[in-house]
Amino acid sequence: MGSSSNNNTTLQDLAQLAGVSISTVSRALNDHPLISARTKQRIWALARDHDYPFRPYMPAAPVGAEGTIVIVTPFMRGRPLPLSHPFFLELLASIGEAARARDCDFTVSHTTPANYADLVATTTTSRASGVIFLGQSMLHDAFNQLTESNANFVVWGAQMAGQLYCSIGSDNQLGGRRATAHLARLGRKAILFLGGTDPESMQRKRGYDEALREAGLEMDPKLVVPVDFELESADAAVSRLLRRHVHFEGIVASSDLIALGAIRALRRAGVSVPNQVSVVGYDDMLLARLSTPALSTIRQDTFEAGRQLVSRILDPSPDPSAERLPTDLIVRESCGG
């Protein structure tokens, strides 16, 4: 460590001001565990007041915190996942509550890894206790490779074949099957699926396929429509189907936001929900409960998700097994039954 380029403050100066040895100052500035928190704070305050360049050596978390967790959002379809997405805001809040309950701090990283090298950089250039990745995107193989390092990380996302890392998420296939089977029980025969190409949506689509087969319903390729993970994309897709007079009586959406976009398009076209078209979403965001009509959905327990994600970082286990959250069907007005 050298002196500041802005003045001539030295380690010896700080030692004299603090009334301690130079080695104690050096250890304090480097967050050495043998130096008491009170002494560190006093020396840091002196270093700050005298413009000594100590901040690169500060601990990752305030003294007294059990640790720090970094939250990272990978690229999805070539762009960063928007932090403003309502579901991920709720998930972030749950992670924050769980971290606070463990006296742990968390930060949201500006990085958006797109490949294995990015994942390595994200997990090795931080002094945090570990990293939570919100979604796998197309990085499943890269996450598997990352397990060969000493990185402490967990992924919010799907359970994949051959998975070597830990992920926390719902049973997506079961959720998709329950949503579709419910519409089939209501007598809906032409059921539309709206979802993306992310691992979770693809698994929900498999559940949709499974429920159609079980109900003896036709699997019509025209009724599987790819959409982005946002309201506007679903609105535009359903509007196109209506203009083309594609017949459907029910919609299974791979997220609540997609479902709400579909409902907006239907209502604008004068199609009654649920009298003419029943809609089921996935997530059970707050918006699902507040929408008109209130949205039937598959609930993901974000509170429990936050607790498990934080626990996996602070209580690391050699067992990388995935954890699946319950997938409960919540029936509200948008189904009509």
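Computed from a predicted model, the values in this text were never measured in an experiment. Just the heavy atoms: all of them, side chains too, but no hydrogens, waters or symmetry mates, feed the values below.
A chain of hydrophobic side-chain contacts below 4.5 Å, direct or via other Ile, Leu, Val, Met, Phe, Trp or Tyr residues, connects Tyr282 to Val227. Taken together through direct or relayed side-chain contacts under 4.5 Å among Ile, Leu, Val, Met, Phe, Trp and Tyr, Leu325 and Met285 form part of one hydrophobic cluster. Leu89 and Leu286 sit in two unconnected hydrophobic clusters of ILVMFWY residues. Membership requires side-chain heavy atoms under 4.5 Å apart, directly or through other members. No continuous path of hydrophobic side-chain contacts links Leu174 to Val331 [ILVMFWY only; heavy atoms under 4.5 Å]. Placement of Leu146 and Ile69 in two distinct hydrophobic clusters is found when ILVMFWY residues are connected by side-chain heavy-atom separations under 4.5 Å, directly or transitively.
Put simply, CD1 on Ile330 and SG on Cys335 are 11.5 Å apart, with the number rounded to the nearest 0.5 Å. The distance from atom CD1 of Ile258 to atom OG of Ser254, rounded to the nearest 0.5 Å, is 3.5 Å. Between Arg307 atom CZ and Glu304 atom CD the span is 4.0 Å, to the nearest 0.5 Å. Annotation: the span from Leu14 atom CG to Asp49 atom CG amounts to 10.0 Å, rounded to 0.5 Å. Atom OG of residue Ser21 and atom CZ of residue Arg27 lie 8.0 Å apart, to the nearest 0.5 angstrom. Taking CD1 from Ile168 and CZ from Arg312, the interatomic distance works out to 5.0 Å, rounded to the nearest 0.5 Å.
Residues Leu287 and Pro86 approach most closely at CD1-CG, 3.9 Å, considering heavy atoms. Summarising the geometry of Val25 relative to Ala15, their closest heavy-atom pair is CG2-CA, 3.5 Å, with the distance given to 0.1 Å. Taking each heavy atom of Ser233 and Asp228 in turn, the nearest pair found is OG-N, 2.9 Å. Gln159 and Arg324 make their closest contact through N-NH1, 3.5 Å (heavy atoms, listed as atom of the first residue, atom of the second, distance). Nearest heavy-atom pair, Ala158 versus Ser167, reported as atom, atom and distance to 0.1 Å: O-OG, 3.1 Å. Closest approach of Phe193 and Ser201 over heavy atoms only: CZ-O, 3.7 Å.
Annotation for Arg267: atom CZ does not count as buried by contact number, only 12 or fewer foreign heavy atoms lying within 6.0 Å. The 12-atom threshold is not exceeded at CG of Asn150, counting heavy atoms of other residues, nucleotides or ligands nearer than 6.0 Å. Other residues, nucleotides and ligands contribute over 12 non-hydrogen atoms within 6.0 Å of the CZ atom of Arg289. Counting non-hydrogen atoms of neighbouring residues, nucleotides and ligands closer than 6.0 angstrom, the CZ atom of Phe303 reaches no more than 12 such neighbours.
Here the side chains of Val238 and Leu194 are in contact, with some heavy-atom distance below 4.5 Å. In this structure, Ser239 and Arg268 have side chains that are in contact, with non-hydrogen atoms separated by less than 4.5 Å. Between Pro113 and Val72, the closest side-chain pair of non-hydrogen atoms falls below 4.5 Å. The shortest distance between side-chain heavy atoms of Tyr165 and Asn144 falls below 4.5 Å. A 4.5 Å side-chain heavy-atom check between Leu29 and Tyr52 finds at least one atom pair inside the cut-off. Put simply, the side chain of Arg102 does not reach to within 4.5 Å of the side chain of Ile313, judged on heavy atoms. Between Asp118 and Thr111, the closest side-chain pair of non-hydrogen atoms is not below 4.5 Å. At a threshold of 4.5 Å between non-hydrogen side-chain atoms, the residues Arg204 and Ser170 count as touching.
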Please evaluate residues Phe229 and Phe87 with respect to the criterion ring-ring contact (aromatic ring centres under 6.0 Å, His included), reporting the C-alpha separation (whole Å), side-chain torsions for both, the decisive distance (0.1 Å), and the verdict. CA-CA 11 Å; Phe229 199 38; Phe87 174 74; 7.4 Å; no
Using the side chain to side chain contact (heavy atoms under 4.5 Å, CB included) rule, take Trp156 and Ile95 through it: C-alpha gap first, then chi angles, then the decisive distance, then the call. CA-CA 11 Å; Trp156 164 260; Ile95 293 171; over 6 Å; no
With side chain to side chain contact (heavy atoms under 4.5 Å, CB included) as the criterion, how do Val155 and Leu139 come out once you've worked through the C-alpha distance, each side chain's angles and the decisive distance to 0.1 Å? CA-CA 11 Å; Val155 177; Leu139 295 175; over 6 Å; no
Could you walk me through whether Leu223 and Ile191 pass side chain to side chain contact (heavy atoms under 4.5 Å, CB included), step by step? CA-CA 7 Å; Leu223 296 182; Ile191 301 174; 5.9 Å; no
Test salt bridge (charged side-chain N to carboxylate O under 4.0 Å, His left out) applied to Asp284 and Arg332, step by step: CA-CA 11 Å; Asp284 195 27; Arg332 298 194 180 100; 2.9 Å; yes
Output, in order, the C-alpha distance, side-chain angles, deciding distance and verdict of side chain to side chain contact (heavy atoms under 4.5 Å, CB included) for Gln163 and Gln136. CA-CA 12 Å; Gln163 182 169 311; Gln136 285 136 313; 3.9 Å; yes
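A salt bridge is defined here as a Lys NZ or Arg NE, NH1 or NH2 lying under 4.0 Å from an Asp or Glu carboxylate O, and Asp328 with Arg299 fails to meet this definition. Here Arg213 does not pair with Asp209 in a salt bridge; the nearest charged N to carboxylate O distance is not below 4.0 Å.
Side-chain contact of Thr327 with Arg177: a donor-acceptor pair under 3.5 Å is absent, judged by distance alone. Remark: the Arg188 side chain and the Ser278 side chain contain an N/O donor-acceptor pair separated by less than 3.5 Å.
When each of Leu217, Leu212, Val280 is paired with Thr180, the side-chain contact (heavy atoms from CB on, under 4.5 Å) condition holds for Leu212 and for no other. The side-chain contact (heavy atoms from CB on, under 4.5 Å) with Phe133 is formed by just one residue from the set Val154, Val70, Ile71, Thr123; it is Thr123.
Although no hydrogens or angles enter the test, the distance criterion places no donor-acceptor pair under 3.5 Å between the side chain of Thr68 and the main chain of Phe106.
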